[in-house]
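A, B, ... follow the sequence lines: proteins, then strands. Residue 1 opens every chain.
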Amino acid sequence: MKILFYGRLGDLVGREMEVEAGPCTVSELRRALADTHPDAAPDLARNSVRACVADVIVGEEFELDSAAVVEFFPPLSGG
Amino acid sequence: MAPLTELAEHRFDPAILYSSFLDQLGGEGAVVSFVGLARPATRSGGSVERLFLDHHPRLTEKSLSEIAEAALRRFAVSAVRVVHRIGEVAPGEPIVFVAAASAHRRAAFDAADYMMDRLKTDAMFWKREDAVDGSRWIEPTDADRAERARWSD
């Protein structure tokens, strides 16, 4: 599973990572990432950090398979 | 004809964008434009070294288009344009250019105002301000949110 991080999250854990994960839900993925990246755990736990798959924001129960590409967006700064 | 919206990886010249916008008009009586510049000082008065604008490869442009198209639908404007920087922006450099044209001035003023208020809260950017005393990721202010709420659809 490929994971992309934007904004502050990208600075904390890197812009892109490959993880062995799935099938799992978004919330399970968040918890797994928080375990392996404790610095990012508070940010990952915020519900203002949204998950996006195929350019669509998805909810916490969305099912991800091991081939998914997931993007995590912190709150927008705006322009 | 130039697209409604554009992301600019490098410094742009607002005068050139403005001139191009005027060139493609057809008889409108009113043109309003706005330029946002990277401020050289942080809110606490420190010196800014750079602004970094993070963006999404597809959704950022889409967020700009949605705002420009909404302005065209909502106001009696015949043309609008939004150009927004991405990447590193030095203090004093233009970050955003917005323009609107209409037969009479009220619609052009309102469309430009609307687009800027929406850009400040809804455009998909993550901005990091790098100052001598540290870096800070920016979130919209209460003032930005209040301005956005003026246009509640």
Going only through I, L, V, M, F, W and Y residues with side-chain contacts under 4.5 Å, is there a path from B:Trp137 to B:Ile95? no
If you round to the nearest 0.5 Å, how far is CG of A:Leu9 from CH2 of B:Trp126? 10.0 Å
Would you check, one step at a time, whether the test salt bridge (Lys or Arg N to Asp or Glu O under 4.0 Å) holds for A:Arg15 with B:Asp54? CA-CA 11 Å; A:Arg15 305 284 297 174; B:Asp54 193 10; 2.6 Å; yes
Tell me if the CZ atom of A:Arg8 is crowded by more than 12 foreign heavy atoms within 6.0 Å. no
Would you kindly confirm whether B:Val35 and B:Val31 end up in one hydrophobic cluster when ILVMFWY residues are joined by side chain heavy atoms under 4.5 Å apart? yes
Using non-hydrogen atoms and a limit below 4.5 Å, what part of residues 32-39 of chain A faces chain B? none
Checking an interface table here. Which of residues 40-79 of chain A come within a heavy-atom distance under 4.5 Å of chain B? A:Arg46, A:Cys52, A:Asp55, A:Glu71, A:Phe73, A:Pro74, A:Pro75, A:Leu76, A:Ser77, A:Gly78, A:Gly79
Check whether more than 12 heavy atoms from other residues, nucleotides or ligands sit under 6.0 Å from atom CZ of B:Arg145, and answer yes or no. yes
Side-chain heavy atoms nearer than 4.5 Å, only ILVMFWY residues, links allowed to pass through others: does that put B:Leu7 and B:Met124 together? no
Heavy-atom contact with chain A under 4.5 Å, split by part of B:His56: both
Please check if B:Val96 and B:Tyr114 belong to a single hydrophobic cluster, counting links between Ile, Leu, Val, Met, Phe, Trp and Tyr side chain heavy atoms closer than 4.5 Å. yes
Cluster check B:Met116, B:Leu53: I/L/V/M/F/W/Y, side chain < 4.5 angstrom: yes
Between B:Ile138 and chain A, with a heavy-atom cut-off of 4.5 Å, which part of the residue counts as in contact: side chain, backbone, both or neither? both
